Amino acid sequence: VVMVEMSGRIIESNRAYQQMLGYSPEELGQLRYQDVTPEKWHAFEENLVTAQITADGDSVVYEKEYRRKNGVVFPIELRTYLLRDSEGNPTGMWAIVRDITQRKFAKKRAELTVAVLGVLNRPNELEHSIGDILDKIKKHMDFDSVGIRLRQKDDFPYFVQKGFSESFVQKENSLCSYDKAGRPLHD
């Protein structure tokens, strides 16, 4: 839970909010909620404050991101309520804020599972199916590159890879070191 002035300055927060962001209560008192919100959300939230909170007294539950003290950006959901003085003038807002990182990860994982099962239910050759699965993993997990190595005699070269440069694959394809005769070296 967090309470802010209409300018956004944080005036009160509970321990869960402080721990979620990694700031002490004193540090938070020097910040505005905009300071812990990535720039890309500012216009969206400004419009929401005007269209919903100021106009209706509260917001729907909505999602955005926060930035922790250590710089890590993470997803949250919140619902915000307007605070008014005795004459009905807006004086601030308070919100219930939840870190939804685990929920987002679980959703991504479920989507990936469905995508992988879809690939496995298609009649394809193993290498093609694994390549399609790696594409799904790369996309859903926002990886730059992925690969699968399968044992081939004493080594484990890439069976399928997606996103690695050809020079990287040539250089790193072998996990073993070889002697001058071409035999793998063992410890």
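No experiment lies behind these values; they were computed from the predicted model shown.
- Remark: Y178 pairs with no residue by the ring pair (Phe, Tyr, Trp, His ring centres under 6.0 Å) rule, at least two apart or across chains.
- Tracing side-chain contacts under 4.5 Å through hydrophobic residues (I, L, V, M, F, W, Y), one reaches V97 starting from M6; they form part of the same cluster.
- A chain of hydrophobic side-chain contacts below 4.5 Å, direct or via other Ile, Leu, Val, Met, Phe, Trp or Tyr residues, connects V146 to F105.
- Side-chain contact of K138 with S145: a donor-acceptor pair under 3.5 Å is absent, judged by distance alone.
- To the nearest 0.5 Å, atoms OG1 (T37) and NE2 (H42) are separated by 5.0 Å.
- In the hydrophobic clustering of this structure, L83 does not group with L28; members are Ile, Leu, Val, Met, Phe, Trp, Tyr whose side-chain heavy atoms approach within less than 4.5 Å, directly or through other members.
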Test log, rule side chain to side chain contact (heavy atoms under 4.5 Å, CB included), inputs V119 and K136: CA-CA 9 Å; V119 169; K136 305 290 184 198; 4.0 Å; yes
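- The nearest pair of heavy atoms linking K69 to G22 is CD-O, 3.2 Å.
- Looking at S129, its side chain never comes within 3.5 Å of a backbone N or O of L120 through a donor-acceptor pair.
- Side-chain atoms of R98 and I76, non-hydrogen and from C-beta on, never get closer than 4.5 Å to each other.
- For E27 (side chain) and S24 (main-chain N/O), a donor-acceptor pair under 3.5 Å exists by modelled atom type.
- Within a 6.0 Å sphere centred on CG of D144, other residues, nucleotides and ligands contribute 12 heavy atoms or fewer.
- Side-chain contact between D35 and Q30 is absent, with no heavy atoms from C-beta onward closer than 4.5 Å.
- The pair E77-K64 does not meet the salt-bridge criterion, since no charged nitrogen lies less than 4.0 angstrom from a carboxylate oxygen.
- One distance of note links CZ of R9 with OH of Y33; it measures 14.0 Å at 0.5 Å rounding.
- The main-chain N or O of K153 is found under 3.5 Å from a side-chain atom of R151 such that the two form a donor-acceptor pair.
- Summarising the geometry of P38 relative to V36, their closest heavy-atom pair is CD-O, 3.9 Å, with the distance given to 0.1 Å.
- Taking 4.5 Å as the limit, every side-chain heavy atom of V72 sits out of range of all side-chain heavy atoms of R67.
- Of the residues listed (L134, I148, I137), the one engaging K162 in a side chain to side chain contact (heavy atoms under 4.5 Å, CB included) is L134, and it is the only one.
- Annotation: side chain of T80 is not in contact with side chain of W94 (no heavy-atom distance under 4.5 Å).
- Judged by the 6.0 Å and 45° rule, R149 forms no cation-pi pair with F156.
- The environment of R15 atom CZ is sparse: at most 12 non-hydrogen atoms of other residues, nucleotides or ligands sit within 6.0 angstrom.
- A distance of 12.0 Å separates OH of Y158 from CG of L150, quoted to the nearest 0.5 Å.
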Does the side chain to side chain contact (heavy atoms under 4.5 Å, CB included) test come out yes or no for Y17 and Y66, once each step is laid out? CA-CA 11 Å; Y17 186 83; Y66 265 171; 2.9 Å; yes
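- The side-chain heavy atoms of H128 and D132, taken from C-beta on, include a pair separated by under 4.5 Å.
- Between H140 and A115, the shortest heavy-atom contact is CE1-CB, 4.1 Å.
- Between F44 and Y62, some side-chain heavy-atom pair lies under the 4.5 Å cut-off.
- Using a 3.5 Å distance cut-off with no hydrogens or angles, the side chains of D85 and T91 do not pair a donor with an acceptor.
- Shortest non-hydrogen contact noted between T101 and P75 is OG1-CD, 3.5 Å.
- For the pair K108 and D142, the salt-bridge criterion is met [side-chain N within less than 4.0 Å of a carboxylate O].
- Between atom CG of residue L48 and atom CD of residue E46 there is a gap of 11.0 Å, rounded to the nearest 0.5 Å.
- The aromatic rings of F168 and F164 sit parallel to each other, their planes meeting at less than 30°, with 60° as the upper class boundary.
- Cluster annotation: M141 and I130 are assigned to the same hydrophobic cluster (Ile/Leu/Val/Met/Phe/Trp/Tyr, side-chain heavy-atom contacts under 4.5 Å, transitive).
- Atom-to-atom distance recorded for M93:CE and L78:CG is 10.0 Å, nearest 0.5 angstrom.
- At least one side-chain heavy atom of V2 sits less than 4.5 Å from a side-chain heavy atom of I10.
- Atoms CE and CG, from M3 and N14 in turn, are 10.5 Å apart once rounded to the nearest 0.5 Å.
- Contact detail for A51 and D56: the closest heavy-atom pair is O-OD2, 4.0 Å.
- Both tests pass for R68 against the ring of F74: distance under 6.0 Å to the centre and angle within 45° of the axis.
- A heavy-atom distance below 4.5 Å is not found between the side chains of L82 and D58.
- Cluster membership check: V116 shares its hydrophobic cluster with F159, using side-chain heavy-atom separations under 4.5 Å among Ile, Leu, Val, Met, Phe, Trp and Tyr.
- Between E65 and K104, no side-chain nitrogen of the basic residue sits less than 4.0 Å from a carboxylate oxygen of the acidic one, so the salt-bridge criterion is not met.
- When all heavy atoms are compared, the tightest approach of I53 to S59 is CG1-CB, 3.7 Å.
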